[in-house]
Amino acid sequence: MKDASIGRKRKFREMPLHLMLLPGVIVTLIYAYGPMFGIVMAFQKFQPLQGFFKSKWAGMKNFDYIFHLPEFNQILWNTVIISVLKMAFGLIVPLVLALLLNELTRDWFKRFVQTSVFLPFFLSWTVLGGVMLDIFSLHGPVNAILHSFGISPIMFMGNGDWFRGIIVGSDVWKGMGYNMIVFLAAIAGINASLYEAAEVDGAGKWKQMLHITLPGMAPIIILLATLSLGNVLNAGFDQILILYNSIVYDKADVIDTYVYRLGLFSQQFSPAAAIGLFKSVISLGMVSVSYYMAYRFSRYRIF
C-alpha cells in the first residue's frame, strides 16, 4: 500500500516532464512521420488533382521506369563517389588536425585555431555557398592569384572534375571543426602516465603518437568510420543544389538533386518518389550494417 502511494506521488511529480515532451512528439509526428504517407506515390500514377485516393495504382512500374532511365547509373555513381570522398577526407583531415593541434604547447594559439576551424560549422550552406561561388568564380580571388602567376583563368564551377573537388573540400572545411573536437576529446581521455613512461623510455613525439595516441583513439576512429557508412547515399542535397549548374550535371547531379528536379520541374511525381524510396531503403540497410559494425568493433549501441 505504501509502495503504491509512493508510485502515484512519483507519477504526479513526473507528469510535468512528460507534458514537456508532448510538443516535440506532436511536431515529430506531423513533420517526420506524416509525410511518410507520400510513399504511396511511388506505387501510383499520381495525379495532383486526383490526390492519393483517386490516383491509379501502378505497382512496380515506376521502379522499372527509373532503373531504365539513361542517367540513373550516372546519378547513382556520382552519389557514391561524392559521398565516399566526403566520408574519407571528412575523417582523415580532422584526425590529422587534432594530432597536430595536440602537440601545440601555447594554449592561446590552440584555442584560436580550434575556434577558427569550428566557426564554419555554424554557418548554413546558403552563406557558405555564396562564399564559395565568389571565391571560385571566373573573376574571383583564386583566379586572380592564378593570373598573377601567368596561369589562364579556370572555370572551376563549370568543370565537373574541379566541381567535385570543391564540393568535397568545402564539406570537409565546414565539418572538420566538429570532428576535430571529437578527436581532441578522445586524446584527452588517454592516460597521461603512458606519455610520461614513454618519455622515460626515450620515445619521441612521433613514436608517442604512433604507439599511444593513435591506439588510444582507435575506438572513436572506428566508431565514426562505421557510422559514416550509413551516409553512403547522402551526398549533401543543399550544398550541391546551391553550388551546381546545368554544365556539371554529368559529374555533380546526385540522387537528391535529381529527385528535386524530376519532381518539381518535370512534374514526374511518382518516379521521383520511387527514386527517393529506393535511396531510403538502401540507406536503411547501410545504417543497419554500420550500426552492427559499430557494435561489433567498438561495442557501441544505443539500445
**Report entry** Test log, rule side-chain hydrogen bond (donor to acceptor under 3.5 Å, both in side chains), inputs Gln50 and Lys45
**Finding:** CA-CA 10 Å; Gln50 296 178 342; Lys45 190 176 180 181; over 6 Å; no

Query - Steps toward side-chain contact (heavy atoms from CB on, under 4.5 Å) verdict (Met132, Trp173) - result: CA-CA 11 Å; Met132 300 306 295; Trp173 173 52; 4.1 Å; yes

Requested in this report: Begin with the C-alpha distance, continue with both residues' side-chain angles, and end with the deciding distance and a verdict on side-chain contact (heavy atoms from CB on, under 4.5 Å) for Arg261 and Tyr249.
Outcome: CA-CA 11 Å; Arg261 292 192 298 111; Tyr249 277 169; 3.4 Å; yes

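Note: Phe278 and Phe67 meet the aromatic proximity criterion, with ring centroids under 6.0 Å apart.
The residue from Phe37, Phe43, Trp57, Phe269 that alone fulfils the ring pair (Phe, Tyr, Trp, His ring centres under 6.0 Å) condition with Phe52 is Phe37.
Counting all heavy atoms, side chain and backbone alike, Thr257 lies closest to Leu241 at CG2-N, 4.1 Å. The nearest pair of heavy atoms linking Met180 to Pro94 is N-CB, 3.8 Å. Taking every heavy atom of both residues into account, Ala225 and Leu91 meet most closely at CB-CD2, 3.7 Å. For the pair Ala186 and Ile220, the tightest heavy-atom approach, listed with the atom from each and the gap, is CB-CG2, 3.6 Å. Shortest non-hydrogen contact noted between Gly160 and Val248 is N-CG1, 3.8 Å. Scanning both residues, Pro153 and Leu138, for their nearest heavy atoms gives CB-CD1, 4.1 Å.
Under a cutoff of 6.0 Å and an axis angle of 45°, Lys251 and Phe163 do not form a cation-pi pair.
Side chain of Lys174 to backbone of Leu123: a donor-acceptor contact under 3.5 angstrom is found. A donor-acceptor pair under 3.5 Å is absent between the side-chain atoms of Gln44 and the main chain of Ala58, judged by distance alone. Judged by distance alone, with hydrogens and angles left aside, the side-chain atoms of Gln268 form no donor-acceptor pair with the main-chain N or O of Gly263 at under 3.5 Å. Between the side chain of Asn78 and the backbone N or O of Asp253 there is at least one donor-acceptor pair closer than 3.5 Å. Without hydrogens or angle criteria, Asn234 side chain to Gly236 main chain gives no donor-acceptor distance under 3.5 Å.
Atom CZ of Phe237 sits in a crowded spot, with more than 12 heavy atoms from other residues, nucleotides or ligands closer than 6.0 Å. Within 6.0 Å of OH in Tyr178 there are 12 or fewer heavy atoms belonging to other residues, nucleotides or ligands. Counted within 6.0 Å of OH on Tyr292, heavy atoms from surrounding residues, nucleotides or ligands total 12 or fewer; the atom is thus considered open. Counting heavy atoms of neighbouring residues, nucleotides and ligands inside a 6.0 Å radius, atom NZ of Lys279 exceeds 12 of them.
Hydrophobic clustering (side-chain heavy atoms under 4.5 Å, transitive across Ile, Leu, Val, Met, Phe, Trp, Tyr) keeps Val96 apart from Val113.
In this structure the side chain of Gln208 reaches within 4.5 angstrom of the side chain of Glu199, judged on heavy atoms.
Under the 30°/60° scheme for interplanar angles, the aromatic rings of Phe156 and Phe136 are found to stand perpendicular.
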